[in-house]
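Data first, discussion second: the structure below is written as structure tokens.
Order of listing sets the numbers, starting from 1, for every ligand and every atom in it.
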Amino acid sequence: MLNIDLHIHTIASGHAYIHLNELINYAKDNKMSIVGINDHGTKISGKHIIPHFGMAFRCPKFENLKILWGCEANIIDEEGNIDLMNPYLSKLDYLSIGIHPPWPKVDDQLCAILNCFKKHKPLFMTHPYIKLNIPDVSKLYQLACEHDVILELNLSVLTNPRLKKETLVNIKKMIEIVKKNKKKLIINSDAHFLHEVGDDSILERYYADLGLTPEIIINNYPEELLKRLKK
Ligand SMILES: [Zn+2]
Ligand SMILES: [Zn+2]
């Protein structure tokens, strides 16, 4: 079980089925220490519940469980703009960015992502090996390391029955580059259902093969992770 899981979708995403109160109870029952609500930005599947992102300040606080309010924003253009604006953006505890349909109409995805890194300084990039159109993903991983954006090992990608060999190859590349740059990656569930929250049992199968080692996993360093949240 992950102690920290910063990629959890709630009903606010429009296609996930987790309610905040049941998440809180589940995380407490499983002795998790930090959970991150990471609902999609506004351009996914016609979702328009922007005020959700302004509710962080009213979220309950607990002694042994920290609840963080984030967003999995979509990059929408080559300038690296995303589908969440201020004042909501500045109210988040952290920002993660990803590429999802509707596909950004950009000639150069890598350039769009780099511009987004520079403009928005996201804490992490979600599943940076699916839904991409980049000839050499190694360049993306190197740029993320240089701009101090944490790369994500996404557990829902690993549990997907349609997981492609090519995706595994790219995940291994990502881990190699993270190690070479002496950086850390984050492991998240990308839960859309309650039973997926924090569930890392799939790693038993992949841990050694992917070249994972404890010192490159930021989930093992909660203080360091908390320091990196948006001020
Ligand atoms: Zn995603
Ligand atoms: Zn997600």
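A salt bridge links E224 with K184: the distance from a Lys NZ or Arg NE/NH1/NH2 to an Asp or Glu carboxylate oxygen falls below 4.0 Å.
Distances from the Zn ion (ligand 1) to the N/O/S atoms of E72 are shortest for OE2. Shortest distance from the Zn ion (ligand 2) to D190 is reached at OD1 (N/O/S atoms only).
By the 6.0 Å and 45° rule, K91 does not stack over the aromatic ring of F53.
Between the side chain of S90 and the backbone N or O of N86, no donor-acceptor pair lies under 3.5 Å. For D108 (side chain) and L110 (main-chain N/O), a donor-acceptor pair under 3.5 Å exists by modelled atom type.
Taking 2.8 Å as the criterion, H7 does not count as a coordinating residue of the Zn ion (ligand 1), since none of its N, O or S atoms falls below it. Contact annotation: H127 places no N, O or S atom under 2.8 Å from the Zn ion (ligand 2). Using a cut-off of 2.8 Å, one finds that H40 contributes no N/O/S atom close to the Zn ion (ligand 2).
Aromatic rings of H7 and H192 (six-membered ring for Trp) have centroids beyond the 6.0 Å cut-off, not under it.
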